[in-house]
Amino acid sequence: MDVQVGKLPAPAEVEENLPVPASPEAGKAEDPGAWARILPYAARLKKTSRRNFLITAGASAALAGDMLFTRRVQAERRATRILRVPDPYSDLYFPKASWILFPGYKTSWEEAQWILNSLRPALHQRGRLAAVGYSNLGLDVDEIVREIILHVRELHLEKLYFYGHSFGGMLATQVAARLLELHGVETQLIVLDSSPFSRADVLDQSWFDGVVFLYENGFRIPSVLRGGYELGERVAHKDERTWRQILDQSLEQLSPIAPSSVLIQTESAYIYHFDGLRLAGKIGGAKMAFMGNAKDGTVDYESARAGWSKVFGANMALPTLSTEGARPAHASPQWNGGVYRPLLERVQNELEPLPPEPVEPSYQEPNGKVIRPA
């Protein structure tokens with residue numbers, strides 16, 4: 001057997017997979033710089049791959065971080081909570097009275113507190129400030145009633161004022177009825193801000209066909225799809241919003257602090273099944289005030305106002321208050337505090353006036369001179 005010393009034959013599979021450089025054309029002398037000119041391409045390929053790798057890795061890390069943060073935020077909001085907004089003035093002068101905001105459809109905990117801060121100069125003239133933070137596991141009326149009665153007992157409250165923001169007006173009315181029936185606690189005042197009386201007052205009925213149908217059939221809408229829907233809906237109603245408001249609202253729905261898809265779907269189902277007739281005569285002596293805007297593109301202003309006024313005529317103590325000039329026209333106190341605050345001051349002064357100041361003791365002499373104690 002012949003053996004070549006110092007040279008081993010390469011395995012066949014290795015030989016077949018080795019890259020073969022393009023050889024110079026036949027009949028031409030080999031260019032000694034041909035291989036050198038390949039090096040810049042190789043270096044460029046290496047540089048591009050590294051850059052793409054770093055970009056991809058960075059995007060993946062950001063996405064993972066966002067998912068973890070979102071998961072943490074959502075986990076912290078599994079329970080319904082009463083969100084208090086400290087206010088030195090009302091905490092000092094009205095310690096036993098409280099305004100409670102019932103946020104509207106798709107309103108986050110942060111936006112609820114933003115609404116309260118926007119209305120603070122008017123609302124703190126009668127009570128402390130708080131809002132209901134809905135659970136991301138879904139809207140639960142029994143939980144809300146339980147949290148509010150705990151809030152009442154903890155602060156020894158004697159007066160409750162409810163602010164129903166959009167669909168929150170429906171919820172505020174039902175909670176007022178439950179509090180009176182189960183705990184004997186009567187609500188003094190309910191403000192309905194552009195609140196629909198029934199699902200028939202919602203102008204976009206196709207919304208029910210999608211969101212409610214999917215929820216009641218066990219489907220859950222992913223956040224990305226929900227964000228796209230939000231953007232499309234707001235652009236379609238561009239006449240109601242500025243581009244800045246469209247951007248702010250759409251980004252909020254895609255952020256970790258946004259309400260969960262399950263919560264939004266349960267809110268939709270609540271509106272769809274709400275029956276105000278069942279609550280007629282069940283809120284005691286609570287006074288009600290409806291405010292709205294004829295240009296509202298979300299809720300039918302005329303039919304909503306007529307529904308509340310007809311069924312709760314005994315409680316409706318003021319004529320309809322107009323939020324004309326507000327943009328968007330539907331339930332927007334957070335952007336239009338200057339429009340809403342004077343209306344709320346009027347509601348409070350007429351329906352819940354402050355007690356008169358005590359008259360100081362005095363003595364009038366025969367000559368007409370009034371003597372007051374030092």
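The figures here come from the full heavy-atom set of this structure, side chains too, leaving out hydrogens, waters and symmetry mates. Just so we're clear, the structure is a prediction, and the values are computed from it rather than from any experiment.
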Keeping to residues at least two apart or across chains, list the side-chain hydrogen bond (donor to acceptor under 3.5 Å, both in side chains) pairs with something in residues 308-326. none
Lys287 side chain to Leu351 main-chain N or O, any donor-acceptor pair under 3.5 Å? yes
Could you pull out the closest heavy-atom pair between Ile190 and Ala286, with the gap in Å? CD1-CB, 4.5 Å
Using the rule given for side-chain contact (heavy atoms from CB on, under 4.5 Å), can you reason through Leu150 versus Glu147, listing the C-alpha separation, both sets of side-chain angles and the distance that settles it, and then say yes or no? CA-CA 5 Å; Leu150 290 175; Glu147 289 302 313; 4.2 Å; yes
Group every Ile, Leu, Val, Met, Phe, Trp and Tyr by side-chain heavy-atom contacts under 4.5 Å, then state whether Met291 and Phe167 land in the same group. no
Residues that Glu110 engages under side chain to side chain contact (heavy atoms under 4.5 Å, CB included), provided they are two or more places apart: Arg77, Ser108, Ile257
To the nearest 0.5 Å, atom CG of Leu203 lies from atom OG1 of Thr298 at 7.0 Å
Would you compute the distance between atom CD of Glu302 and atom CG of Asp201 and round it to the nearest 0.5 angstrom? 11.0 Å
Please round to the nearest 0.5 Å and tell me the distance separating atom CG of Asp142 and atom CG of Leu139. 10.5 Å
Please determine whether residues Val185 and Leu189 belong to a single hydrophobic cluster, defined as Ile, Leu, Val, Met, Phe, Trp and Tyr linked transitively by side-chain heavy-atom distances below 4.5 Å. no
Can you find a pair of side-chain heavy atoms, one from Glu111 and one from Pro103, that are under 4.5 Å apart? no
Got Pro196 and Met170 here, is their nearest side-chain heavy-atom distance under 4.5 Å? yes
Which heavy atom of Ala130 sits nearest to which heavy atom of Ile82, and what is that distance? CB-CG2, 3.8 Å
How long is the gap from CG on Leu129 to CZ on Arg84, to the nearest 0.5 Å? 12.0 Å
For Trp109, the other hydrophobic cluster members (4.5 Å side-chain criterion, sorted by chain and number) are Leu83
Got a donor-acceptor contact below 3.5 angstrom from the Thr266 side chain to the Leu263 backbone? yes
So Phe312 and Phe197, would you call those rings parallel, tilted or perpendicular, with 30° and 60° as cut-offs? perpendicular
Using the test ring pair (Phe, Tyr, Trp, His ring centres under 6.0 Å), find all partners of Tyr134 that sit at least two apart in sequence or belong to another chain. none
How long is the straight-line distance from OG1 of Thr107 back to CD of Gln113, given to the nearest 0.5 Å? 12.5 Å
Out of curiosity, does Leu116 fall in the hydrophobic cluster containing Trp335 (side-chain heavy atoms, cut-off under 4.5 Å, transitive links)? no
For Ser118 and Trp114, indicate whether the former's side chain and the latter's backbone hold a donor-acceptor pair under 3.5 Å. no
Side chain to side chain contact (heavy atoms under 4.5 Å, CB included) against Val145, all qualifying residues, sequence neighbours excluded: Val141, Val175, Arg178, Leu179, His183
Any side-chain to backbone donor/acceptor pair from His165 onto Gly104? Under 3.5 Å, distance only. yes
All side chain to side chain contact (heavy atoms under 4.5 Å, CB included) counterparts of Glu143, not counting sequence neighbours: Thr80, Ser135, Asp140, Arg146
Residue set satisfying side chain to side chain contact (heavy atoms under 4.5 Å, CB included) with Glu186, at least two apart, ordered chain then number -> Leu180
Restricting to ring pair (Phe, Tyr, Trp, His ring centres under 6.0 Å), what partner residues turn up for His151, sequence neighbours left out? none
Residues Glu181, Lys282; criterion side-chain contact (heavy atoms from CB on, under 4.5 Å); working and verdict: CA-CA 8 Å; Glu181 177 187 3; Lys282 295 184 178 181; 5.9 Å; no
Which pair of heavy atoms, one from Ser260 and one from Asn136, lies closest together, and at what distance? OG-O, 2.6 Å
Plane angle bin for Phe290 and Tyr301 - parallel if under 30°, tilted between 30 and 60°, otherwise perpendicular: tilted
Would you name the heavy atoms of Val311 and Gly276 that are closest together and state the gap between them? CG1-O, 4.0 Å
Ile149-Phe102 co-clustered via ILVMFWY side chain contacts under 4.5 Å: yes
Quick check for you: to the nearest 0.5 Å, what is the distance between Asn349 atom CG and Leu344 atom CG? 10.5 Å
Extract all donor-acceptor atom pairs below 3.5 Å that involve side chains of residues 90-99 and protein atoms in other chains or at least two apart in sequence.
from: Ser90; atom 1: OG; to: Asp87; atom 2: O; distance (Å): 3.4
from: Ser90; atom 1: OG; to: Asp87; atom 2: OD2; distance (Å): 2.9
from: Asp91; atom 1: OD1; to: Arg128; atom 2: NE; distance (Å): 3.0
from: Asp91; atom 1: OD2; to: Asp87; atom 2: N; distance (Å): 3.2
from: Trp99; atom 1: NE1; to: Leu123; atom 2: O; distance (Å): 3.2
from: Trp99; atom 1: NE1; to: Gln348; atom 2: OE1; distance (Å): 3.0

Show which residues join Val299 in its hydrophobic cluster (side-chain heavy-atom contacts under 4.5 Å, direct or indirect), or state none. none
Connected via hydrophobic side-chain network under 4.5 Å: Leu137 and Ile144: no
Nearest heavy-atom neighbours spanning Arg126 and Pro353: NH2-CA, 4.1 Å
Pairs in or reaching into residues 331-343: which pass salt bridge (Lys or Arg N to Asp or Glu O under 4.0 Å), with residues at least two apart or in two chains? none
Which residue pairs pass the side-chain hydrogen bond (donor to acceptor under 3.5 Å, both in side chains) test with at least one member in residues 188-197, sequence neighbours excluded? Tyr163-Asp193, Asp193-Tyr340
Atom of Tyr272, atom of Arg199 and distance for their closest heavy-atom approach: O-NH1, 2.7 Å
Would you say Asp300's side chain and Ala200's backbone share a donor-acceptor pair under 3.5 angstrom? no
So, does Gln174 use its side chain to make a donor-acceptor pair with the main chain of Leu279 at under 3.5 Å? no
